[in-house]
Amino acid sequence: MAKRLWLSDEELSSLDKSELQALVARHQRIFHASSGYGFWDWNLSNNEFDWSGEFWQQLGWVDEDADFINDSFHMVKLIHPEDLPDTKQALIEHLKTGKHFNRSFRVKTKEGKYRWSQCLCDSVRDETGRVQYVSGINFDITAFKETEEAMRQSEERQRRIINGANDGIWEWSLLEKTFYFSPKIFEMINVSISPSDLADGEKAFEKFRSRVHPDDIEEYDFSWRSHIKSKSTLDIEYRVYGGDNQLYWVRTRGQATFNKEGWATLISGTNSDVTDRKLAEEKVLRSKEIAEKANQAKSQFLSSMSHELRTPLNAILGFSQLFDYENNLTERQHQNVNEIRKAGEHLLKLINDILDLAKIESGKMTLSLEPVLPVRILRECMGLVQSIAETRNIRVDFETNDLDKIYVHADAVRLKQVLLNLMSNGIKYNRDAGRLSIVFTSPDEQTINIKVEDTGFGIPDAQKKYVFEPFNRLGAEESATEGSGVGLVITKQLVEIMGGSIRFTSEVGKGSCFEVSLQKSEEWTAEKAKAPLQDRANQTLQLELNAKQKILYIEDNASNLRLMEQLLGRFEQIELLTVNEAFRGLYVARTEHPDLIILDINLPGMDGYEALKVLQQDPNTQGIPVIALSANAMKHDVKRGLEAGFDDYLTKPVVYAELIAVLNKLLADEVDA
Ligand code: ADP
């Protein structure tokens, strides 16, 4: 006989005893095999319940519990109370209609805990249709239920996150040519869309795309294409017209999934409303632009103001210098004139400082960094501060600690300004008969430190944080010491532009020590920096000329003309011709053949540069040295002048000694030639 598990009633009744035993044994093997199933059979006529299988054992129910479980009432009690009503309902339905029973519910373990089980059953009915037996199987689906629950939680979490992030999500399947959009995509731009249009992804996409600002659409389309083609990042911000006619800024970020062949199959991503951030950014940009414009206007104003201020200052300083050679003044009158000159010089320093500060603030301060020998700069500064120090009996000394030949990376003119600022502060804020020492040290291979140490009043702790604040004189404004409170700000900025740093220590009653660190320069080439003009004045106020020399001065300002007449009038060797406009000046140059021409730059009609060009091109005048004398005193003005071919470039207010030095140089060259 075939070893089938299911036999009809006739087949069963035809079995002999041994066959029946074999059949039962086979069934028992199956029931007890470790299949994990639980089998049960409920006899409705006597309400008895038979059970078997590993499932029950896993729940802890063993043969000893047979009596307890066999009572069908107790069996029902094993079902979790929450799952019982539905389970009962489904069973009643099955009994009534024969409808397939397949449910999951929790079953109690012997320990009193619950496991999830899946239950499938069927019933056997008599001829009248009454149910005689209900038999079924249960198996454990706890692990599956736990996974399902974890997935449900994770989905819920994702939904919460997406809702919380206020982002819209979308997905585009390139294979199936379908789009999915979450409703948020349209909500965030205040556009209403019917559920059917939203479900029809292509329609929804067109509806969205048609609202992208015309100026942004090209970049919008391009970003998608290039992400698909060349895998570039898909992260774009663009403007979209909202349903309320407002313009929204939307940020789209996405990532494609590429197949093995490198084709994009799916792109998923998010849309966020970034309107507020964009508007804030625009506001910041606008205020930055306004601030920059204002700053430019300020710089412009300061540089034209300085030009305007230099011209009258030129007269004040120039004319007061003349009194030095006046013998019929009383001592008192000399002192008065000296006061005028000192005030003028102070004013000039202020103008220069403010100009520097304005240039630094507007980022227009350009330094030419090159290898500079600090010891040379220091010596030049010593020469300049020595006389002031002497008037107050302050000893100035320096110690270079064998660093005389070390170069630093700096701008020679600006380094001099830095050291002069620190050294003159060290004298100004020193006590009489005090000391000022400058010490070079090298803390490491790359750095040179320059310490400027004084024995002055010191800076109180409470004031230290204001030291580098513009126009803050820390109370020195109450004293007779002159100053503007910008020197140290400029000093710090200059040092920093040169790649260095500055710090200080100070103790009230003992003194202060400002220390500048600069980077050593590897290059040992000779310094290219031309010694600044002021230093070239060798302080002799004598013209060293053998022959008579004719000088033509072209200048439109009457007071400057008079000043020059008086400055040079003292020298018998000089014949000065003055002309107040360029055309006439050129005529005089051709006809009078002067030995040297001094040319103002800002002339009416034709400016100094144009006049210079004519002089250079005219064979009659091209050999004559030409000096520019101008109130355009910025470094780039001087550079431009020298590049244009002026033999020298002097700035107003004219420094007498400087003028003499230049005349000595150029006219002596003339004579030599
Ligand atoms: P100024 O000297 O023109 O006032 P600075 O910017 O050079 O401006 O210096 C700012 C202030 O710092 C000075 O007014 C002074 O009060 C203080 N200060 C600067 N250097 C020293 C110093 N070596 N000793 C004491 N105080 C100093």
Side-chain angles (χ1 to χ4, degrees), residues 302 306 309 342-361 365 377-378 381-382 384-399 413-440 449-498 500-517:
L302 284 171
S306 87
L309 290 173
K342 262 173 52 194
E345 276 161 4
H346 178 50
L347 198 53
L348 183 63
K349 174 152 182 0
L350 259 179
I351 293 170
N352 288 339
D353 278 354
I354 290 174
L355 259 178
D356 276 350
L357 195 60
K359 262 200 287 180
I360 291 172
E361 277 181 355
M365 174 66 84
I377 307 289
L378 179 62
C381 295
M382 293 287 282
L384 292 169
V385 301
Q386 203 78 50
S387 61
I388 322 166
E390 273 164 18
T391 56
R392 296 194 44 216
N393 202 13
I394 292 170
R395 204 174 91 212
V396 186
D397 48 22
F398 68 86
E399 169 59 59
V413 176
R414 296 304 180 179
L415 178 58
K416 184 168 171 183
Q417 189 176 352
V418 164
L419 289 184
L420 260 184
N421 266 339
L422 296 179
M423 288 168 74
S424 55
N425 278 352
I427 293 169
K428 277 199 305 189
Y429 302 107
N430 215 322
R431 58 180 162 81
D432 286 345
R435 238 182 101 177
L436 176 71
S437 32
I438 297 96
V439 182
F440 285 15
N449 286 348
I450 305 174
K451 261 194 214 171
V452 181
E453 192 164 11
D454 64 56
T455 54
F457 321 131
I459 301 167
D461 286 346
Q463 300 277 24
K464 283 181 177 162
K465 57 176 177 284
Y466 305 117
V467 162
F468 296 108
E469 198 177 84
F471 303 106
N472 196 334
R473 298 204 59 212
L474 318 181
E477 59 275 21
E478 308 288 334
S479 70
T481 316
E482 268 179 2
S484 59
V486 290
L488 281 180
V489 190
I490 296 172
T491 301
K492 181 169 191 282
Q493 303 270 10
L494 289 176
V495 169
E496 283 168 3
I497 302 176
M498 290 192 276
S501 60
I502 184 169
R503 70 210 77 87
F504 72 98
T505 52
S506 187
E507 204 177 320
V508 173
K510 282 201 164 166
S512 312
C513 177
F514 284 80
E515 187 174 39
V516 172
S517 297

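All heavy atoms count here, side chains included; hydrogens, waters and symmetry mates do not. Note that the structure is predicted; figures quoted are calculated from it, not measured. Counting starts at 1 for both ligands and their atoms, in listed order.
When heavy-atom distances to ligand 1 are checked against 4.0 Å, the residues falling inside are N425, K428, Y429, D454, I459, N472, R473, L474, A476, G483, S484, G485, V486, G487, L488, S512, F514, ordered by chain and number.
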Please test S517 against R503 for side-chain hydrogen bond (donor to acceptor under 3.5 Å, both in side chains), starting from the C-alpha separation and ending with a verdict. CA-CA 9 Å; S517 297; R503 70 210 77 87; 2.5 Å; yes
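Annotation: side chain to side chain donor-acceptor pair (under 3.5 Å) contacts of K342 (sequence neighbours excluded): none. For T455, the side chain to side chain donor-acceptor pair (under 3.5 Å) partners are N430, not counting sequence neighbours. The side chain to side chain donor-acceptor pair (under 3.5 Å) test applied to K492 returns E496, not counting sequence neighbours.
R392 places a side-chain N or O within donor-acceptor distance of the main-chain N or O of I427, the cut-off being under 3.5 Å. Q417 places no side-chain N or O within 3.5 Å of a backbone atom of L415 that could act as its donor or acceptor partner.
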